[in-house]
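Following: one structure in structure tokens, then a few remarks.
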Amino acid sequence: MELFTLVFLGQPMWMWLGFIGLVALLLAFDLGVLHRDGHEIEVRESLLLSGFYITLGLAFGGFVWWQLGAQPGVEYLTAFVVEKSLAMDNVFVIAMIFGYLAIPRHLQHRVLFWGILGVIVLRAVMIGFGATLVSEFGWLLYVFAAFLIFTGVRMLMGGHGETDLSKNPVLNFMKKRFRVSEQLHGDRFFVQQADPKTGRIHRYMTPLFLALVMIEIADVIFAVDSVPAVFAITTDPYIVYTSNIFAILGLRALYFALAAVIHRFAYLKHALAVLLVFIGSKIFVSDLMGWDKFPAEWSLGVTFAILAAGIGYSLWRTVEKN
């Protein structure tokens, strides 16, 4: 029983174990019950699953509010909304990867499912490392804030243009250094087949595995923006990690609905850029105003306003063009 009462990264161990157990149950239910037949996910199912994960993420925010207090509860909700919004930008990249590697829709869930397992581990390492650095060197928060402002301004100025995957160095390196099959082999990541030159049997990666690697790398790149963004909202590792994971869990479900209408959110990236600038500037504004912290309820309100404006403007402009 002493294990459960130990404090780990600022919170009791039972809260960490409870969260990890919940995520494990969700993943087991997802793969073992909902998608064990590997069927193609339709838009209706995608929306229902996404609604379920969003509801669960918000309900967990209620638990944080009840267990830790109103301020952490609002911080969790703000972090969840920010992470969910930034994760949506990942949909654009995921759709591009699947399109370039010609991954059919009925196999995409398998890639995303195993991808989330890697994300859970990678985000834990990055957040744990970040939390340790912030606790030792408080000035790093100002570095994170300045980086977010720089990233947001660069996005507004068109610094994130279209990506040509045919020139991606990681993808080209893997194709040159490893044996990669030209064709898909069902839902398999690796396959045994004969070398066309020697006739000897070797293990080959399939395009499905290449897609998994590329999506994991994409998440690491996006985490460079999203993790500092949440640390600018709260330095509690528990809130940072749980909001990250709940946002990403629902992204897999939401992807299948958003992928079909991605063009309708053409201006969402501009809203996300403004959001990054706002989040980064909060620390400097708080210092100028003499506040201990930027008011959490103000932060949540401004976040909703920026995202609502970006989504509304995107829908209006795309309808106008059509």
Side-chain angles (χ1 to χ4, degrees), residues 8-11 15-17 19-28 30-31 53 57 60 76 79-80 82-98 101 103 108-135 140 143-144 147-148 151 160 163 165 168-171 173-174 178 189 205 208-255 272 276:
F8 177 71
L9 292 178
Q11 300 301 339
M15 292 180 65
W16 287 101
L17 295 177
F19 171 73
I20 293 171
L22 176 61
V23 171
L25 285 174
L26 288 171
L27 292 176
D30 191 319
L31 185 64
Y53 278 115
F60 191 83
Y76 168 88
F80 176 73
V82 169
E83 283 301 304
K84 194 73 173 177
S85 305
L86 293 175
M88 285 178 65
D89 198 30
N90 216 345
V91 171
F92 294 85
V93 176
I94 292 173
M96 184 171 54
I97 291 170
F98 282 151
L101 295 173
I103 307 298
Q108 291 175 5
H109 180 271
R110 175 172 169 78
V111 177
L112 293 174
F113 175 85
W114 289 107
I116 192 64
L117 295 180
V119 169
I120 290 172
V121 175
L122 288 172
R123 291 291 176 100
V125 172
M126 294 182 71
I127 291 170
F129 184 65
T132 302
L133 287 177
V134 168
S135 65
L140 275 178
V143 176
F144 287 166
F147 174 75
L148 292 175
T151 302
H160 284 189
T163 303
L165 282 181
N168 185 275
V170 175
L171 195 58
F173 174 82
M174 293 184 69
F178 302 99
F189 289 122
M205 298 175 180
L208 208 65
F209 183 75
L210 292 184
L212 176 61
V213 172
M214 293 302 295
I215 287 173
E216 293 289 0
I217 292 173
D219 179 74
V220 172
I221 294 172
F222 276 99
V224 172
D225 290 340
S226 64
V227 171
V230 181
F231 271 114
I233 296 169
T234 175
T235 55
D236 186 331
Y238 187 79
I239 296 177
V240 174
Y241 187 62
T242 54
S243 61
N244 260 261
I245 299 306
F246 268 119
I248 295 168
L249 279 174
L251 176 66
R252 293 178 306 115
L254 189 59
Y255 164 79
L272 295 178
L276 288 178

(message) Quick check for you: to the nearest 0.5 Å, what is the distance between Ile215 atom CD1 and Gln108 atom CD?
(response) 8.0 Å

(message) Once rounded to the nearest 0.5 Å, what's the spacing between atom CZ of Arg110 and atom CG of Leu208?
(response) 6.5 Å

(request) State, to 0.1 Å, how close Ser226 and Asn244 come at their nearest heavy-atom pair, and which atoms those are. (result) OG-OD1, 4.3 Å

(request) Identify the heavy atoms of Ala218 and Val93 that sit nearest to each other, and give their distance. (result) CB-CG1, 3.9 Å

(request) Quick one: pull up CH2 in Trp114 and CG in Leu212 and give me the separation to the nearest 0.5 Å. (result) 10.0 Å

(message) What I'd like to find out is whether the side chain of Val213 reaches to under 4.5 Å of the side chain of Met205, using heavy atoms alone.
(response) no

(request) Without swapping roles, check the side chain of Gln11 against the backbone of Trp16 for a donor-acceptor pair under 3.5 Å. (result) no

(request) Quick one: pull up CD1 in Ile221 and CD in Glu216 and give me the separation to the nearest 0.5 Å. (result) 12.0 Å

(request) Report yes if the side chains of Leu276 and Leu86 come closer than 4.5 Å at any heavy-atom pair, otherwise no. (result) yes

(request) Hey, can you tell me if Phe144 and Phe231 have their rings parallel, tilted or perpendicular (30° and 60° cut-offs)? (result) tilted

(request) Compare every heavy atom of Ser243 with every heavy atom of Phe80, then report the nearest pair and how far apart it is. (result) N-CB, 3.8 Å

(request) Go through the steps to decide whether Val111 and Ile97 satisfy the test side chain to side chain contact (heavy atoms under 4.5 Å, CB included), and finish with yes or no. (result) CA-CA 11 Å; Val111 177; Ile97 291 170; over 6 Å; no

(message) Please find the pair of heavy atoms, one from Tyr241 and one from Ile120, that lie closest to each other, and give the distance.
(response) OH-O, 2.9 Å

(request) Nearest 0.5 Å please: distance from the CD1 atom of Ile127 over to the OG1 atom of Thr132. (result) 11.5 Å

(message) Quick check: closest heavy atoms across Ile245 and Phe19, and the distance to 0.1 Å?
(response) CB-CZ, 3.7 Å

(request) Might you point out which heavy atoms bring Val82 and Ala229 nearest each other, and give the distance in Å? (result) CG1-CB, 4.4 Å

(message) Once you measure the plane-to-plane angle for Tyr76 and Phe246, does it fall in the parallel (<30°), tilted (30-60°) or perpendicular (>60°) bin?
(response) perpendicular

(request) Kindly compute the distance separating CG (Asp236) from OG1 (Thr242), expressed to the nearest 0.5 Å. (result) 8.0 Å

